[in-house]
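Shown next, in structure tokens, is the structure this report addresses.
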Amino acid sequence: RSMDAPADTRVVAPMMPGAQRVPAAALLARIDVAGTPLVVTDDEVAFGAQKMKCDDVIAIRYGVYKHYINGIRDSQSYAIWLTDGRSTISVEFAKGLFVRSSTVESRYQEALKVLYSAVMVPLIQSLLTNLDKGTGFCIGDVTFDKAGLHRKAGLGSIQKGLLGAWASI
């Protein structure tokens with residue numbers, strides 16, 4: 001071997017007979033959120049030390065909140081929350097000193113875009129599969145199944161408003 005040739009620094013472990021290679025999870029995004037990395041692969045979401053398998057996510061919430069006093073914004077929040085029923089990952093994109101709004105917005109939009117394919121699409125597919133099987137699913141106090149939509153308890157706000165209006169006549 002020539003001394004000018006670059007050294008191959010890869011280390012390859014020998015395969016055991018009958019063993020199968022496990023493909024590495026594809027990195028979908030690595031987003032710096034005020035010094036803490038949000039890493040999304042096709043298998044897992046990690047934020048700092050917190051990790052959650054994409055298939056385990058049962059709920060996702062996201063939103064933007066801006067508070068103004070006399071027309072001047074005094075606080076804002078760009079947040080995404082993921083839960084598997086046991087733990088929650090909360091990512092706040094509007095943290096950090098002197099971070100421009102365009103930077104916060106672009107981080108938030110990039111995270112939503114990548115989480116859509118990694119988390120939301122499989123979640124929606126599982127809900128539709130459960131609906132197709134007949135087991136249905138629940139969102140809040142509403143159950144969706146082949147028979148339709150069912151509220152677990154009481155009346156919704158629209159029904160309460162209609163009854164209140166009717167009672168006042």
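Just so it is clear, the model here is predicted, and its values are computed rather than measured.
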- Heavy-atom pair of closest approach, residues A46 and K51: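 Looking at all heavy atoms of both residues, the shortest contact is CB-CG, 3.8 Å.
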- What is the minimum heavy-atom distance between E92 and S77, and which atoms define it?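 Closest pair (atom of E92, atom of S77, distance): OE1-OG, 2.5 Å.
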Are [Y] and [X] co-members of a hydrophobic cluster defined by side-chain heavy atoms under 4.5 Å apart?
X	Y	result
L123	L128	no
I139	L131	yes
L149	L127	yes
I124	V45	no

- Should M52 and S87 be marked as a side chain to side chain contact (heavy atoms under 4.5 Å, CB included) after you check the CA-CA gap, both sets of side-chain angles, and the distance that decides it? CA-CA 9 Å; M52 191 175 295; S87 62; 3.7 Å; yes
- Query: Q50 side chain to T88 main-chain N or O, any donor-acceptor pair under 3.5 Å?
  - Reply: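 Yes: the side chain of Q50 pairs with the backbone of T88.
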- Item | For F144, ring pair (Phe, Tyr, Trp, His ring centres under 6.0 Å) partners two or more places apart |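 By the ring pair (Phe, Tyr, Trp, His ring centres under 6.0 Å) rule, F144 matches F137.
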- Sequence neighbours left out, what passes ring pair (Phe, Tyr, Trp, His ring centres under 6.0 Å) with F47? Give chain and number order.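 Result, ring pair (Phe, Tyr, Trp, His ring centres under 6.0 Å) vs F47: none returned.
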- Would you mind reporting whether I80 and F93 have side-chain heavy atoms less than 4.5 Å apart?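 Side-chain contact under 4.5 Å: yes.
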- Query: Can you name the residues that form a salt bridge (charged side-chain N to carboxylate O under 4.0 Å, His left out) with D141, not counting sequence neighbours?
  - Reply: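 Counting only residues at least two positions away or on another chain, D141 forms a salt bridge (charged side-chain N to carboxylate O under 4.0 Å, His left out) with R151.
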- Mind checking what makes side-chain hydrogen bond (donor to acceptor under 3.5 Å, both in side chains) contact with Q109, not counting sequence neighbours?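 With neighbours one apart ignored, the set is E105.
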- When Ile, Leu, Val, Met, Phe, Trp and Tyr are grouped by side-chain heavy atoms lying under 4.5 Å apart, directly or through other members, which residues fall in the same group as L27?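 Answer for L27: V39.
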Side-chain polar contacts of residues 96-104 - donor-acceptor pairs under 3.5 angstrom, sequence neighbours left out - could you list them?
from : atom 1 : to   : atom 2 : distance (Å)
R100 : NH2    : S102 : OG     : 3.4
S101 : OG     : R73  : NH2    : 3.1

- Task: For residues 27-36, pull every pair meeting side-chain hydrogen bond (donor to acceptor under 3.5 Å, both in side chains), keeping only residues two or more places apart or in separate chains.
- Result: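 Residue pairs with at least one partner in residues 27-36: there are none.
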- According to the side-chain hydrogen bond (donor to acceptor under 3.5 Å, both in side chains) rule, which pairs have a member within residues 111-139, sequence neighbours left out?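 Output for this query is empty, none listed.
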- Spacing of CG belonging to L28 relative to CG belonging to D42, to within rounding of 0.5 Å: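 Answer rounded to 0.5 Å: 5.5 Å.
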- Message: Under the salt bridge (Lys or Arg N to Asp or Glu O under 4.0 Å) definition, can you give me all pairs with a residue in residues 76-90, not counting sequence neighbours?
- Response: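 Matches after skipping sequence neighbours: D84-R86.
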If you look only at distance, which donor and acceptor atoms sit under 3.5 Å apart when one is on a side chain in residues 53-60 and the other is two or more places apart or in another chain?
none

- Task: Could you list all the ring pair (Phe, Tyr, Trp, His ring centres under 6.0 Å) pairs where at least one residue sits in residues 68-87, not counting sequence neighbours?
- Result: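 Residue pairs with at least one partner in residues 68-87: Y78-Y108.
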- Message: Could you walk me through whether K95 and V33 satisfy the side chain to side chain contact (heavy atoms under 4.5 Å, CB included) test, starting with their C-alpha distance in whole Å, then the side-chain angles of each, then the deciding distance to 0.1 Å, before giving a yes or no?
- Response: CA-CA 8 Å; K95 65 181 177 183; V33 181; 4.2 Å; yes
- How would you list, by chain and number, every residue that makes a side-chain contact (heavy atoms from CB on, under 4.5 Å) with D74, sequence neighbours excluded?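 side-chain contact (heavy atoms from CB on, under 4.5 Å) list for D74, sorted by chain: H67, I69.
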